[in-house]
Amino acid sequence: MEKIKRLSVRQMLDSFDYGKTFQVMGWVRTKRISKNVAFITLNDGSTLHNLQVVVDVAVFPEDLLNRINTGAGLTVEGTLLESAGSGQRVELAAATITLLGEADPDQYPLQPKKHSLEFLREIAHLRFRTSTFSAVARVRHVMIFAVHKFFTENGFYNIHTPIITASDAEGAGEMFRVTTLDLNKLPVVEDGRIDYSQDFFGRETNLTVSGQLEAELAALALTKVYTFGPTFRAENSNTSRHLAEFWMIEPEVAFADNSDNMDLAEDLLKYVIQYVLDHCGDDLDFLAKRQQEEEMQKKQEERFAMGLLEKLRFVVENQFERITYTQAIDILKNSNYNKKGKFQYTIEGWGADLQSEHERYLVEKQFKKPVILSDYPKKIKAFYMKLNDDGETVRAMDVLFPQIGEVAGGSQREESYEKLLMRMKEMNIPEKQMWWYLDTRRFGSVPHAGFGLGFERFVQFVTGMSNIRDVIPFPRTPKNAEF
RNA sequence: UCCCCGAUAGCUCAGCCGGUUAGAGCGACUGACUGUUAAUCAGUAGGUCCCUGGUUCGAGUCCAGGUCGGGGAGCCA
């Protein structure tokens, strides 16, 4: 006997092979049972949509049908039919049903009803089974693929930079210590300090906060490189935009200046968004509807004017606004918001870092589109950023998006050995430990630039999810490392 | 880390000025129903009112401390 062909739910829904027999496997979303006929809604994650399985109640044992509840895993074989109901084009008339795994309805926490995102976060191991989280997972995957595709098509090489690092000079935040020492019995040297020479690596090590410095080393040989890896920050940040463990995309390009850097960031962001628009229609439609419902819960004045799809198309179709820090300060200082005291922090003058309310004003009120801010005062930026001729500003750039704020930040790097050394001294960076980084400026140093793009923030923007904990499967935040 | 808000049934919430037996909707369960779309209709069960201490004749309700969650800020991506 010929083996029955197995199709995914997606393939089944796309098929026109009416009358043919197929096999499908998936999990029950809902079951509706009446006297003669039962309907089982099946999902396997291959698509947002579900397959309707039609069951002749007389043919199957009552006991089996009773055990098929929301969450159960099934194999169904049957005939593909044009649906007699109006909700779907095709349906599967079941000939055999195998119950692979039961889900006791008294204990299974997912119910055929709307759940809050807060509740689903507590059951993150099961939330993949909801429409929202499966949609986010699929979109996230497509974005990952599009990132690699973009860089590959543009001549970049992907570099795996280390996750464990001995450098604590990346300057991007508090680090997580990596050690194999017995914390209850730490070896100490005479003055009471911990003897790290006995640790696994023979020195202090941490989880990386950025792959940038290593990416620079690679760029100064391979010209165009990027990293796309996990990053760890031990900051006690409790916001909807911060994670202790997140994924960052960090391109680094030799023979490039800060303007090339901005072009690259804009091109990458637009490419990935366009790719998702082209390949995730169903999921985006669902997420758009979800977001719209969420927006309706808010007060009128707090609602975001554009729908999700409208917002994504708008970003793809419009040039990002590019202004310098100095111009931004002027705009903000002369704004009605500032004059009427609507900002919590009034703009007094040049030199202070912008508050997020100021960034949001520029993006959402002034320009109404993504903004790239550049040439910040050197004292609020990192040591490796290239000093401008004015001696006061550096060639930094931040990409600001509506709703999520800073999505990327980067700069042209200081390629002059002398100037870099000077900046390291000014900012108390341990230059001895950074000998390998400084070597790049001693041997064949050339202009180069790069940036870091927070992947989860980007996924937030594309999916419209308002909390970053809902765009990564297992979020790591202060006081939370469950699952 | 700071500011604000919250924690009551499996979920989402109501519970008034402290008062006797703590409620609703959804979900679950049982039954009815000739094709349903998160089906519908009828019924049933389901509670450590977050924890510790305090005030009081009496605390879900008031007070203090804590834990956890949410929103905002800072830090940043």
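Residue numbers begin at 1 in each chain, while the letters A, B, ... track the order of the sequences. Both backbone and side-chain heavy atoms feed into the values below; hydrogens, waters and symmetry mates do not.
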For A:R67 and B:C29, what is the distance between atoms CZ and P respectively, to the nearest whole Å? 14 Å

Mind running a 4.0 Å heavy-atom check of residues 448-462 of chain A against RNA chain B and sending the residues that fall below it, in number order? A:G452, A:G454, A:R457

Is any side-chain N or O of A:H242 under 3.5 Å from a base N or O of B:C76, one able to act as donor and the other as acceptor? yes

Are the aromatic rings of A:F151 and A:F228 close, with centres under 6.0 Å apart? no

Around atom CZ of A:F119, are there more than 12 heavy atoms of other residues, nucleotides or ligands at under 6.0 Å? yes

For A:K35 and B:C33, is the shortest distance between a side-chain N/O and OP1 or OP2 below 4.0 Å? yes

Can we say A:E293 and A:K289 salt-bridge, meaning some charged N sits less than 4.0 Å from an Asp/Glu carboxylate O? no

Between B:A22 and B:U30, how far apart are the C1' atoms? Round to whole Å, please. 26 Å

Would you say the side chain of A:E235 and the base of B:U1 hold a donor-acceptor pair, judged only by whether the two atoms sit under 3.5 Å apart? no

Apply side-chain hydrogen bond (donor to acceptor under 3.5 Å, both in side chains) to the pair A:E250 and A:S210, showing each step before the final yes or no. CA-CA 8 Å; A:E250 295 179 283; A:S210 163; 2.8 Å; yes

Across the strands shown, which category fits A:I33 at heavy-atom distances under 4.0 angstrom: base, sugar-phosphate, nothing? base

The contact string for nucleotides 42-50 of chain B, one letter per nucleotide 5' to 3', using protein heavy atoms under 4.0 Å with B, S and - for base, sugar-phosphate only and none, comes out as ---------

Compare the minimum distances between each of B:G35, B:C29, B:C11 and the side chain of A:Q111, then state the nucleotide with the smallest one. B:C11

Need one value for A:Q88: base, sugar-phosphate or nothing, where a base atom within 4.0 Å counts as base even if backbone is also close, heavy atoms only. base

Chi angles and distances behind the ring-ring contact (aromatic ring centres under 6.0 Å, His included) call for A:Y226, A:H148: CA-CA 9 Å; A:Y226 70 105; A:H148 288 298; 5.6 Å; yes

Establish, with yes or no, whether the OP1 or OP2 oxygen of B:U12 is under 4.0 angstrom from a side-chain nitrogen or oxygen of A:S116. yes

Give me the ring orientation class for A:Y275 and A:F145: parallel if the planes are under 30° apart, tilted from 30 to 60°, perpendicular past 60°. tilted

Would you write the dot-bracket representation of RNA chain B, where each base gets (, ), [, ], | or . depending on whether it forms a Watson-Crick or G-U pair under 3.5 Å and with which partner? (((((((..((((.....[...)))).(((((.......))))).....(((((..]....))))))))))))....

Among residues two or more places apart or on two chains, list those pairs meeting salt bridge (Lys or Arg N to Asp or Glu O under 4.0 Å) that have a residue in residues 130-144 of chain A. A:R138-A:D283, A:R140-A:E456

Need one value for A:A408: base, sugar-phosphate or nothing, where a base atom within 4.0 Å counts as base even if backbone is also close, heavy atoms only. sugar-phosphate

When every nucleotide of nucleotides 66-73 of chain B is labelled 5' to 3' by its protein contacts under 4.0 Å (heavy atoms), B for base, S for sugar-phosphate only, - for none, what sequence of letters results? --S-SSBB

Is A:R233 side chain donor-acceptor paired with the B:A77 base, going by distance under 3.5 Å alone? yes

With the stacking rule set at 5.5 Å and 30°, tell me whether A:F246 counts as stacking on B:A77. yes

A:F383 vs A:Y437 aromatic rings, parallel, tilted or perpendicular, using cut-offs 30° and 60°? perpendicular

Could you label the plane-to-plane angle of the A:F458 and A:F401 rings as parallel, tilted or perpendicular, counting under 30° as parallel and over 60° as perpendicular? perpendicular

Do the ring planes of A:F483 and A:F474 sit parallel (below 30°), tilted (30 to 60°) or perpendicular (above 60°)? tilted

Should the pair A:K149 and A:Y271 be classed as cation-pi, given the thresholds of under 6.0 Å to the six-membered ring centre and 45° from the axis? no

Inter- and intrachain pairs under salt bridge (Lys or Arg N to Asp or Glu O under 4.0 Å), touching residues 257-275 of chain A, at least two apart: A:D263-A:R322, A:E266-A:K270, A:E266-A:R322

Any base atoms under 4.0 Å from A:S34, or only sugar-phosphate, or nothing? Heavy atoms, all strands. base

Quick test of your reading of the model: are A:R423 and A:E426 salt-bridged, counting only N-O distances below 4.0 Å? yes

For a quick check of understanding: with a heavy-atom distance under 4.0 Å over all strands, which category does A:P105 fall into, base, sugar-phosphate or nothing? sugar-phosphate

Search all heavy atoms of A:F60 against all heavy atoms of A:A95 and return the closest pair with its distance. CZ-O, 3.5 Å

Taking the C1' atom of each, how far is B:A14 from B:U8, in whole Å? 10 Å

Tell me which of A:V407 and A:F119 sits closer to the 5' end of RNA chain B, going by the nucleotide each one is nearest to. A:F119

Quick one: do the A:S8 and A:D44 side chains pair a donor with an acceptor below 3.5 Å? no

Does A:E91 reach a base, just sugar-phosphate, or nothing at all? Heavy atoms under 4.0 Å. base

